[in-house]
Structure formats: C-alpha cells, structure tokens
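So that the names make sense, note that chain A is the first sequence line, chain B the second, and so on, each numbered from 1. All values derive from a computational prediction rather than experimental measurement.
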Amino acid sequence: MNSNRYNFKKVEEKWQKFWDQNKTFSSKVDINKKKFYCLEMFPYPSGKIHMGHVRNYTIGDVLSRYKILQGFNVLHPMGWDAFGMPAENAARENNLDPKDWTNQNISTMKNQLKKLGLSIDWDREISTCSEDYYKHQQLFFLELLEKGLVYRKENYVNWDPIDETVLANEQVIDGKGWRSGAVVERKKLNQWFFNISKFSQKLLDDLEELNEWPNKVKVMQKNWIGKSYGCEVNFKIEGDIPVSEIKCFTTRPDTLFGFSFLAISADHEISKFFVNDKEFNNFKKECSKTGTTEEAIAMGEKIGFKTNLLAINPLNPKQKVPVYFANFVLMDYGFGAVFGCPAHDQRDFDFAKKYKLEIKTVVRPKDKDNNYEVIDKAYDGDGIIINSEFLNGLKVPEESIIKTIDILEKKKFGKKQINFRLKDWGVSRQRYWGCPIPVAYDNDGKVIAIPKKDLPVKLPENVDLNAKGNPLNTKNDWKKVNVNGKDLVRETDTLDTFVCSSWYYLRFCSPKENDYGFNQQEIDYWMPVDQYIGGIEHAILHLLYSRFFMKALGFKNKKFNIEEPFKGLFTQGMVCHETYKDQNNNWISPEEIEIRGKKYYKKNDPNSIVVVGPSESMSKSKKNVIDPESIINNYGADSVRLFILSDSPPEKDVQWSEQGMVSSFKFIQKLWMLHSKIKNKLSDKSDVKDEDLEFNKFTNQLINKISGNLESFSYNVIIAGMYETYNFLIKHIEKNINKNNLLENYTKILTAFSPVVPHLTSECLIDIGFNDKLKWPIVNKEYLQQENIEYVVQINGRKRANVKAEKDLNEESILNIAKNEKLLDKYLKNKSIKKIIFVKNRLINILVNE
RNA sequence: GGGCGAGUGGCGGAAUUGGUAGACGCGUUGGUCUUAGGAACCAAUAGUGCAAGCUGUGAAGGUUCGAGUCCUUUCUCGCCUACCA
C-alpha cells in the first residue's frame, strides 16, 4: 500500500477534535456582524441516524460553512425532538424508562452526527423532553390561555376500547387499533385546542411575503387554509321538531332555484331529535362504516336518511324540499349542512339520481340556449342563469353570485361569508411521554391554571406503561395537587409533540435562558431563521403550526414582533435505494446481497434467486436501508458528504449507489495524491513563469461559479466543478508554473472545496503551511473575461464554424474574420448577404440568399 | 375529482435564462502497466453515415435570424390532496 495514502480516519478524527476543543462553531450575538441563522429540522431520536439525516445535515452544513467563510456570524444549532410515542412503545417492549431510552438514543445519534464533521454549535443543544425545555412551553401554554387562544371543547377521537386509549389516525388500520386489534370507536372527549383558525387570514396573507419558500409548499398551505368566498343561507324548516331554521354555507347561492333537497351531517345538532329512531341509528352506523380515510370515501356511494322535515327555498317560498341526513356532508366544515343543487354539483347530482330527486337546470353554458338541460353530468362551468325568475340572464359566476348575495342580504335570508377549511389545532394527547398540560380541575370540573411559580409540572417517574389507558391517569399520587389551599386534580393529557417543535428555533437563540423560553435581545438579533432545511413532509403541519405559534406569541404582545419564523425554506428530496426480494417474496437488505457479473445472489448462496425491484425511498419495512455509520467507517465522512451531494440536485430524490459511493471515495484519494504533487511542486526551486494567466482565470471562474451554485443550492454542480478542477490541475501542474501563483490559486481552490469536504481541505491547507483564518475568495472580475473569444458562426441560423477573435471587436471585424475562414467558403462564396445578427463576444449569424 | 411538478444519451444529470445541447460522474468499449485485477492510467462513448453531412431535449404546431428554454394543443409519469358545499 502506498504510504502516501490518505488516512481519512486519522485526519477526520483529528479535525473533529480540533473543532470541538477550539469551539470553532460556537456562536454569540455580535451586533457589529451580520448574522446568518441556518437551521435544519431537528431529528427524532429514534435510535440511529439514517441517510435522510445525512443528506439534510450535509446540505445545511455546506451552507453554514460557506456563510462562515463569507464572514457572517452563523448560528447553526442542533437538538432533539425527543417526546413522542415510539419512546413509550420501545420502553414497553424493552422494559425501560422512556427517558432512558430517549437519552441513550440521543447520545448515540449525537456521536454519529459528530462523525459527519458538522459545523454545529453543540453548546446550544436542546432536548424537548428535558424539564428545562418544557417548563417554558408550559408557560407559553398558560400565556395563550390568558390571551384566549387556548380552549377546551368536546371532540371526536379514535378510541381503542381494549387499550382504553386514544389513537392517532395513522394508528387506526382498517378501522382497528394497531396494537389491540379492537374495532375503533368514535368517542367524544373533552380536549384542548389552539385557536389557530383565528389567524387563518393572517396565515394566508403572510405567505405572500415568503418569497424564499418553494412555491409548492405555499400552495399546499394555501389549500390547507382553504379560504372560500360565499354566503350563509337560512332555510326555514317545517316539521315536527322544535327547530325552525337550518343554516347552510354555499359558494353558489346563485343556483338556489335549482334547489331540490337539503342535506345535513349525521352529527348535525338536530340529529339529537332522532336518537330514538332505529332507522336513523342504523344509517349512522352505515355512515361510520365507510371509514374515515382514503379515496374509498370519495369513490364511496352517497347515502342518505330521509326525514319528514321540509326546507323552504328562501328565494322561492312556494318550493318545499325534503331534508336528508347524508353521509357526504361534513360536520366540521361550514354549518354541517348543504343545500342540494343536483344540476350544478356532481355530488348533489349523484345523490339526486339515487333518491330520484328533481334535477333542475339553472345555468346554461354561453354557447347553449335557454332550453339547455343537464342530463348525465352536473354542469359547474360558467355561463348564464336560466329558469330562475329574477336572476335570469345574470352572468355566472361573478355577477350572479354577487347579485344573489345582495338579494339574500336585503331580504335577511342570509349574508356574505368567508369560510376557511383550517380547523383549530387539537393538542391533547392521552399519552405519557409528552409535555404535561399545566392545569388542574376542581370538584366542579372548573379549569384552574397551575401557578407559574410552580412550573414545570414534571412528568412523574416510574409509571406503569403496561397498564391500560393513559399512564398519567392512573398515577393517583401525581394527579392530586394543591393550589392555594384547594385540592385539585391535574390534567392528565399531554401536549401534541408538534407543540414542542413549534418554537424550538427560538430556544436555540438563548438555550440557557432560565426565566423565560427565550431572551428578547437574542431573538431580536438571530431571528428569523435565514435558511430552514428539511423534508417536504412537513409542508403543512409543522410549518403551519410554527407560523401560528409566532403569531400567537406576538398576539397582544408589542415586544414580540416576529411575524414569520422562517425566511427561507428549502425542502430536500429523499434518499432511495433499489429493493430486493427472494423467491418467497420476502424483502432482503442490500447487505445480504452479492453481485457477480451482472447477477444478484444472496451472499454465500449461489443458487438463490434475487428479484430486483424499483428504487424506493429507504425504509425499514422494505429493508432497503444503508446504515450511515458503517458507510462513514468504511469511506469517511468527506466521501459520504461528497457522494450524497453529487448525484442529484438537493431538492430531488437521490439514488444511493455503492458504485457512486466508491467513486466518491476514490476521488478523495485522488485529491490527496494531487495534493502531494502540488506540495512537491511548491518546494521546487525553479520559478519559470512570471504569471500564469490561464491558472488565474480558471480559479476565478471556478470561484465565481461555485459561489453561484451555493446560492442556488445547485450543490451537485459544485461537485462537478470539483472534478473539473481536478482534471485541470492534474494536467496544469505538469507545466512549468510559478510557485507563488500556484500557492495562491491552490489555497483559493481548497477554500472553495472546504464547505463540501472540510476535513480533507483543512488537512491540505495546514500541510502547505496555511494558518490564517479562511475567507471566501474574492473573485477578480478581470479574469472572468476572455481576451480571445471563440465566436460561433452561423449561416442562416445553423452553426457552421468557430472562429477565434479578440474581445470586443465590432461586427464588421468579425464578419471579415468569418469571410476568411476556409470552412465557410462554400456557404459564403457567390452568395449575397441579406442580414447579419451579431451578438458581441458570442456569435454572428449570417443570413444569405440560398 | 382538484392542485403542483417533471419529461434531455445505457443511467444520474449540466446548459451564464433565447445564442455551440449532452458539462461532470456512473456504466460500457478499446488500450497501457501488471502473475492477476472488481487497482491505476490513457482513449472513445447521442443516433446515423467511409466521409462532408444529416437527425436529435415525450409528441404536434407556432413566435424568432436562432427554441431544451417563450406561446398553443396533446400524451406520459411522479408527488400532494380529497365528498370543503
């Protein structure tokens, strides 16, 4: 083995230790320096880091290191999203304390992250499950309670009757509890809610200012908030129940004359008059059977239960139509009631067909006459109102809707209304491993806030996780609390873990602040996060909750003026790998596979059959995961960083490939060999040339290009630039070159590479005696310009030749040069020139008569 | 059903925003060195043709001196979302 071989293990350990001991990446407020807050979504401490983390944190690290080199005061922290159910489950399985399990994982994963050589200020490390963190969160909760942004109401939950616990939607599989297998019931429970819908409009409006966010994410949030303009309409009811009116929300009041039934949700308040009706109860059961998720519902049949009630059309009081309970009406949107206009709404159409209700056409397309009739499909396009008495002739949609609302308002049958889809955020979780909600109840069930001086409300230790239900609920000694001499019972729900991640970026600004969740001066300096980096899967929930949390903290608080937490957002793609199965259709992991020639076998089993499946996002269930730690051990952090960035643009999915990984590793070795050659050259005594224009140009163009690529997250192109640089240098240093010039250019090149491969470049730099503080090289623009331009010569728009010319020559000169080019003779001889298109320093297009 | 995005060699992907399409890497082929090579190095690599050339960025039109890039129509794939009245 070559003794000169790059020993990544030694070098990487050395530099990681150096950065640690020198606190190279520690950060503090410095009002004289421009700050840059770079944040990656913090991980859940599930056990080990995965390739997704490697990609996420490498992207963030490249950016942070670049910003440091540019002279920014960079805040680049890391912490742990440490509360959550996996800890409870793992603890139960292994008979551990969730806290111990979590802290073990944190320590493992921290070591793994350190091996990646990340530029993280570890002094700011936080963990959401520490009392030191969640006590502040409890205080925020009480503040929001005081401001009226937190409230309690009854709401439906998925209830597992065997485990006596509430299940999240994703824990309900085919209508059954994932652990117990019991049929899940819908149960009404008192739950805590954050009043996020109060900020619907604000959350929507402020999206406009987030111009460093991917449009895709903004669109997703916009759809989620779901603003719609419409009208509330009151329908008078006739029948044998003491209800005289039902309110509906509609975006299409202009189709009221097409009214043929009124449909209400099975959970509508008037359902209480039907609780003793057997048929109604059967219908309700039928509704819940269809399930609550997936497209099964969308495709699912529309069913209804006909009441003996009649609804009166406010615009046409003679018309009375039946009232149905219907499975397609949602209780938590609008008023849980819709007016049915089958001709112009597909759902209403399907429903009307099934129950043989009238389908009356009241809108015609512009190119049809007034006899137009809807036959087999609802028409929801624009056009003209017909068959609607005083509304006839109005243009659909704008004019017709505005006019109709006007009429309804005048007659007091309804009013203009804006409706949002966004619902309040239910934050109650009937779980142990979360932040306790700092309230208690008296004998009458009245809510009493735990006094702020008594915070934190600590999670009790030594709970029985195997007992049924919420462990906190059975912990009687913990439940009892005395506040101001009164015996109370604690709230046993804990907060949704999304609450923890809604403000952690503030905590990073002042992680040691004891009296409050953050220090005002520190957040004023560091916030907002300049660049937030994470997966697209958080496009709605986490990012929307965080945006809400800022607005809620700032509500009635003049000192707090952060409107938006994340100025820039970048969403990286996933890491994918081929999938493998054996002949019995069982997944096989890549480690169990051997490739010989072009065939895949199970290791040590030449007779085995391996079916290679499509490349999919790495997941444990498909066993197509690659363990980052073993890769780092085999190839080193720089190689992994290089590879994870090299193959695809960061926002797209990347394909893990062993071959690619190996070639990145080899490239690191080649760079080290190159370094030895350059070092030898530097100690060479012969200085032949004074200046090396070609080298200077190359370096300046490279720096210019990489700077641009860094700004635009084109990190894969940076890697290409590194290869090009190698290809250039390995040839160029064979020439006689000036020593000082070489040193200067090489130093710049190493600096430009350093965000990607920091260990290698640090080692190379110190090896050539560089001891200063690194700075991002300033591009000398003179070197970006070419003195000799290679012009493209086109004849009639087709490229026919290249000619060399000096910079900035005029059209005439270039034309003359072109005319003297032999290759062009056959195109130009005996032809007359019609027109010339000349682009200075780039091309000339000569149009000739054929 | 609705929304968003993408289609470029055998593969991942470049292309200073309308100006030489295919940078860079992988793979493949040939060669050098070597006892050997799944090492290293050199060369070739969009298709077609001996060549000059011609054809080429999912398809069809259009604008332009010039289109991967802009416009219109269309096809395919991916992701998100879903009875939202």
Next item on the list: Scan nucleotides 36-42 of chain B nucleotide by nucleotide, 5' to 3', and note B when protein non-hydrogen atoms come under 4.0 Å of the base, S if they reach only the sugar-phosphate, - if neither.
Entry: ---SSS-
Check: Where along nucleotides 52-57 of chain B does protein come under 4.0 Å, by heavy atom, of base (B) or sugar-phosphate alone (S), with - for untouched nucleotides?
Finding: SSSS--
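Residue contacts shown for A:Asp345 are absent, as no nucleic acid heavy atom lies under 4.0 Å away. Contact annotation for A:Tyr723: backbone-only contact, meaning every heavy-atom pair under 4.0 Å involves sugar-phosphate atoms and none involves a base. Within 4.0 Å of A:Val219, counting heavy atoms only, lie sugar-phosphate atoms of the nucleic acid but no base atom. Residue A:Leu847 is in sugar-phosphate contact alone, with no base atom involved, counting any heavy-atom pair closer than 4.0 Å across all strands shown.
For B:rG9, the O4'-C1' to base torsion is within 90° of 0; the nucleotide is therefore syn.
Out of B:rG3, B:rA85, B:rA23, the shortest distance to the side chain of A:Ala720 is found at B:rA23. Listed candidates were B:rA85, B:rG25, B:rC26. Nearest to the side chain of A:Asn727 is B:rG25. When distances run from any side-chain atom of A:Arg347 to the nucleotides B:rC84, B:rG27, B:rG66, the shortest one goes to B:rC84. With distances taken from any side-chain atom of A:Thr251 to the nucleotides B:rU20, B:rA82, B:rA85, the minimum falls on B:rA85. Closest to the side chain of A:Glu724, from the set B:rA85, B:rA23, B:rA82, is B:rA23. For A:Phe328, taking side-chain heavy atoms from C-beta onward, the closest of the listed nucleotides B:rC83, B:rA23, B:rC80 is B:rC83. Listed nucleotides: B:rA82, B:rG3, B:rA85. Nearest to the side chain of A:Tyr333: B:rA85.
Contact check on A:Glu782 versus A:Lys697 returns no salt bridge, with no Lys/Arg side-chain nitrogen under 4.0 Å from an Asp/Glu carboxylate oxygen. Salt-bridge check for A:Glu811 with A:Lys840: failed, with every basic side-chain N at 4.0 Å or more from each acidic carboxylate O. In this structure, A:Asp380 does not pair ionically with A:Arg252, as no charged nitrogen and carboxylate oxygen lie closer than 4.0 Å. Electrostatic pairing of A:Glu594 and A:Lys603 does not count as a salt bridge here, judged by no charged N lying under 4.0 Å from a carboxylate O.
Both tests pass for A:Arg421 against the ring of A:Trp224: distance under 6.0 Å to the centre and angle within 45° of the axis.
Rounded to whole Å, the distance from CZ on A:Arg252 to P on B:rC84 is 14 Å. Between the CZ atom of A:Phe643 and the C1' atom of B:rC24 there is a distance of 14 Å, given to the nearest Å. Distance, A:Lys216 NZ to B:rG3 P: 16 Å, rounded to whole Å.
A:Asn704 pairs by the side chain to side chain contact (heavy atoms under 4.5 Å, CB included) definition with A:Val779, A:Leu784, not counting sequence neighbours. Taking the ring pair (Phe, Tyr, Trp, His ring centres under 6.0 Å) definition, one finds that A:Phe665 meets it with A:Tyr635, sequence neighbours left out.
Between A:His577 and A:Tyr580, the two ring planes are perpendicular [angle over 60°; tilted spans 30° to 60°].
Of the residues near RNA chain B, A:Ala337 and A:Lys835, the one whose nearest nucleotide (by heavy atom distance) lies more toward the 5' end is A:Lys835. Each of A:Phe335 and A:Trp224 was matched to the nucleotide of RNA chain B holding its nearest heavy atom; the match closer to the 5' end belongs to A:Trp224.
With 3.5 Å as the limit, one finds no donor-acceptor pair spanning the side chains of A:Tyr783 and A:Lys781.
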Protein N or O to nucleotides 11-18 of chain B N or O, pairs below 3.5 Å:
| residue | atom | partner | partner atom | Å |
| --- | --- | --- | --- | --- |
| B:rG12 | O2' | A:Asp647 | O | 2.6 |
| B:rG12 | O2' | A:Ser648 | OG | 3.2 |
| B:rG13 | O3' | A:Asn716 | ND2 | 3.3 |
| B:rA14 | OP1 | A:Asn716 | ND2 | 3.3 |

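Residue A:Gln794 places a side-chain atom within donor-acceptor reach of the base of B:rG19, judged by atom type and a 3.5 Å distance cut-off alone. Looking at A:Lys302, its side chain comes within 3.5 Å of the base of B:rC83 through a donor and an acceptor atom.
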Notebook entry, point to check: How is the base pairing of RNA chain B summarised as a dot-bracket string, given the Watson-Crick and G-U wobble criteria with both distances under 3.5 Å, [ ] for crossing and | for another strand?
Noted result: (((((((..(((......[....)))((((((.......))))))(((....)))..(((((..]....))))))))))))....
